[in-house]
2 protein chains.
Amino acid sequence: MSPRIQFPLRHPVQIPQMPAAEQLGFGNYPAPIVFMMEHDGNGWVNARLEPYNPAEHGIRFSSEEVGAVTADRWVIGWVRQNFGASWRKLSDPQVLDRLTPEGVLSIEALASRALKLAEIHRHYGLGHFEGLKAYSGHDGIIRRFRADQNAKRQNQACVRMKMPQIPEALWLSAVDAVVAANAKAGWIPTVPGYSLYIRPVMEAVNEALSVRPGTHFRFFIICCPVGAYYPGGMHANDLFVETDRARVPPGGLGSVKARGNYADMEALDRAKAVMQRIDPTVQISQLIWLAAEDFGKPPQLRRLEEVGTSNLGLRYLSAGESRFMTPCRDRGTILPSVVMDSCLELLRLRGSTVVTGDDLTLQKLIQLAEGGQLQELLGAGTAAVTSPTGRIHAILNGKYHRWQVGDGQIGAVTQWLYDRLTAMQYGHEVPPNSIRDWIVEVPT
Amino acid sequence: MSPRIQFPLRHPVQIPQMPAAEQLGFGNYPAPIVFMMEHDGNGWVNARLEPYNPAEHGIRFSSEEVGAVTADRWVIGWVRQNFGASWRKLSDPQVLDRLTPEGVLSIEALASRALKLAEIHRHYGLGHFEGLKAYSGHDGIIRRFRADQNAKRQNQACVRMKMPQIPEALWLSAVDAVVAANAKAGWIPTVPGYSLYIRPVMEAVNEALSVRPGTHFRFFIICCPVGAYYPGGMHANDLFVETDRARVPPGGLGSVKARGNYADMEALDRAKAVMQRIDPTVQISQLIWLAAEDFGKPPQLRRLEEVGTSNLGLRYLSAGESRFMTPCRDRGTILPSVVMDSCLELLRLRGSTVVTGDDLTLQKLIQLAEGGQLQELLGAGTAAVTSPTGRIHAILNGKYHRWQVGDGQIGAVTQWLYDRLTAMQYGHEVPPNSIRDWIVEVPT
């Protein structure tokens, strides 16, 4: 167990009520407390917990708010005495009640959060992030899953984007601190399948308008309570093979969670529109991405890379034996998924054959599907855990094709992996000894 | 002439002095006034001029500032009366002097600029920008160069990234307004070769942690006074051919100025480090990028795309005739440069042969260089206007190669293009009739 670092909670806030479980969805409601620190060019400084948004959680400034107080004028005062900050009543008693030292942000804090238009991440995409979850177990214990892997992956992104790494103990302590603070605030849902999504972000904040590396940085962790990814229960998806666009360039930033990897909001729309014309009953949920460096070849000869924003895996029969295969990650164009890693390890532990498809082309996928060997195809990632595929759609040489995966329903291994991972995450199962460290309890 | 739209200057500021010309460099000092507006899901609202940074240009909050007033306590007050905002003296007279309506930002404005950690551009790279310049002429007139082309290009980025377009008249009026305000503030340098760099930026600001298109947007224009790109005068550069990494994926966002296209801060470093080992006397200034979709082929057979963040062009001899060639832009992986467009048009006007190199491979470039036909190779872009190349360096099949371009010095056509463009921009030459609209005077 790494030594635990404590962080001050600056500017404590009036905690809003978490929305009802059925309203949560995914990524809609920020939890009230965030972790923040800055890198001043020499090192990480000012590590602290803060309210998510001073304008929302501190003083409210909207005209509605003004209308809510009975007086027709009000005053917010900030008194600095002997270089120590304290709040003083200045006016309307109803406003005064909100201006206790515990209840609001100081103007100073507000100014420190001012929008800086020249911050370099605003211009040159110098930001990356992570995604992981904390789970409120059936026993009331909060657990996190392989967060150390996310810490390592984010530090890899730092190397790749010329940003300062964060010591793993600091990174993990920050995650635990912000999770514990939001747990105390009542913002970790306890409904089975629900969780607290954790989003650590690093961005270069030096102010400059020409292309150059970052010199100063901001690191923050924002959380949000999330519902089950498949509200109606997990179901098999329809995927579309993208043959006109690639996700990332060769040798680019594809193996790290760089912001720019996620900016093509149009690609999935186009696939959906194409499918709408062909068969409006099909709802395309994600794209299968093919390798950019194979674009000189016909689509069939290109290698598979990812499915949407998840890692891709498939189970197929080879001479009667069932095998699980993932594309080769060595070319730096695939994000190494912690969840897919975990799936592969679980499969190895139960004695399944796991192989890396160095040459997993679309043609190979088609051959497996048409030969009746393709039993399952799934995406693996933090948001959904596992995403089963029912059918694959593609337009090749102007002709529409559709292939079914297995029986078109959730595959047995996909379901098994989902069940194992969530059982560990919610405390129903203790991981086997060799992977005991996957689950860590968060002290609250 | 499009109808001119006026914008209020909200929260006028105490204007700081522009740094001395020799300190300016490129992109280091934000001009004091920015343009801002928001898109609320229905349309663009609240178009206005504002101080660059409330924390810097409005109220100052640092402890140094507190020490600068003689009283040991001070109060900042904000009075809202009948829903109209006005400032009132509350305390220390020395502070009061700073709290005139013209001198400070309201707390409301400060809160509206609070850092929102969940803004979606912070996570998924949903931002794009433009770059253009305004020039203070020898006659004191401020001119802009082909800004309508930047407006159109930014609107193309909007389409590509699912963001709302800005009517061209509004976009141009915003540019003119922010240029005029900064000119009035004394922030457009009058030194020959210096200019005001203009950076319009759009970003998706809805708060959400899952991948989805933007619904609300921020558009701002920030400016900075810039020195000549080559402080010691234009000189021929050394370029390195990047064979391990590509700039953008096929079908991706390469034809628009998406943030993510500029995030690989490591690539040029690697080339410089390689060259340092081979010949420390060579200073690599930029990379030559090769097409991602050709990465299945040997580097020699790949097509050229861009040079650094600029468009690439070359002049060569073919059967005794001089030709100017640029790579084909039709594949969506090259940003259509306004300056390169202008170079091509100027060359056409003087009767030069201009061709598009649909098959401009590295091999073809090498053949021209080794056959003594390659006379010039340049980058064209807003920052430098034209960037001449002296030598090209590459490692192919593990072997280091070096080719000289022309006589290794600034080419005649590169210099001619630079001279023509800057002469128009600073008002020394009036553009020929067919391109008279390239130059527009900014009313001040």
Side-chain angles (χ1 to χ4, degrees), chain A residues 26-27 30 34 53-55 61 63 66 73 75-81 83 108 110-111 113-118 122-126 129 161-162 199 201 208-211 213 220 222 224 244-246 248-253 258-260 262-266 292-297 309, chain B residues 26-27 30 34 53-55 61 63 66 73 75-81 83 108 110-111 113-118 122-126 129 161-162 199 201 208-211 213 220 222 224 244-246 248-253 258-260 262-266 292-297 309:
Chain A
F26 192 96
V34 300
N53 181 347
F61 297 92
S63 52
V66 174
R73 47 186 277 213
V75 174
I76 298 166
W78 182 61
V79 179
R80 183 183 272 271
Q81 211 156 13
F83 297 93
E108 192 172 43
L110 209 52
R113 291 243 196 133
L115 172 62
K116 304 261 193 353
L117 300 178
R122 285 207 137 76
H123 303 269
Y124 304 114
L126 285 176
F129 61 95
M161 297 181 79
K162 297 193 70 173
R199 167 62 56 86
V201 177
L209 292 194
S210 64
V211 181
F220 63 87
I222 178 172
C224 67
D244 294 331
R245 299 182 181 185
V248 293
L253 297 166
R259 289 181 184 175
Y262 304 86
D264 189 345
M265 291 290 163
E266 223 190 12
E293 62 194 272
D294 292 344
F295 265 55
K297 305 173 187 167
T309 57
Chain B
F26 192 97
V34 300
N53 181 348
F61 298 93
S63 52
V66 174
R73 49 187 276 216
V75 173
I76 297 166
W78 182 63
V79 178
R80 183 184 272 270
Q81 211 155 13
F83 297 93
E108 190 173 43
L110 210 53
R113 291 245 195 131
L115 173 61
K116 304 262 193 350
L117 301 178
R122 283 208 138 76
H123 303 269
Y124 304 115
L126 285 176
F129 62 95
M161 297 181 79
K162 297 194 73 175
R199 168 62 56 85
V201 176
L209 292 193
S210 64
V211 182
F220 63 88
I222 178 173
C224 66
D244 293 331
R245 298 182 182 186
V248 293
L253 297 167
R259 288 180 183 175
Y262 304 86
D264 189 347
M265 291 289 164
E266 223 189 11
E293 61 193 275
D294 292 344
F295 265 56
K297 303 172 188 168
T309 58

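Below, read A as the first sequence line, B as the second, and so on, with proteins coming before strands; counting in each chain starts at 1.
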Residue [X] versus chain A: region with a heavy atom under 4.5 Å:
| X | answer |
| --- | --- |
| B:V201 | side chain |
| B:F26 | both |
| B:D264 | both |

(Q) Within the 4.5 Å heavy-atom criterion, are B:R122 and A:F129 side-chain neighbours or not? (A)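 A side-chain contact is absent here, since even the closest heavy-atom pair is not under 4.5 Å.
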Counting heavy-atom pairs closer than 4.5 Å to chain B, which one of [options] comes out on top?
| options | result |
| --- | --- |
| A:D294, A:L126, A:D244 | A:L126 |
| A:G260, A:S210, A:G296 | A:S210 |
| A:P249, A:G252, A:G27, A:A246 | A:P249 |

**Q.** chain B contact via A:A258 - which portion, at a heavy-atom distance below 4.5 Å
**A.** neither
(Q) Taking side chain as everything from C-beta outward and backbone as N, CA, C, O, which of these in A:I222 sits under 4.5 Å from a heavy atom of chain B? Side chain, backbone, both or neither. (A) both
**Q.** Rounded distance [0.5 Å steps], NZ in A:K162 versus CE in B:M265
**A.**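 Those atoms lie 9.0 Å apart.
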Q.
Checking B:F295 now: which residues fulfil ring-ring contact (aromatic ring centres under 6.0 Å, His included) with it, not counting sequence neighbours?
A. none
Q. At their closest point, which heavy atom of B:G125 faces which heavy atom of A:A263, and how far apart are they?
A.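 Looking at all heavy atoms of both residues, the closest pair is O-CB, 3.6 Å.
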Q. What's the shortest heavy-atom distance between A:R199 and B:H123, and which atoms?
A. NH1-ND1, 3.0 Å
Q. Residues in side-chain hydrogen bond (donor to acceptor under 3.5 Å, both in side chains) with A:R259, at least two apart?
A. A:H121, A:E203
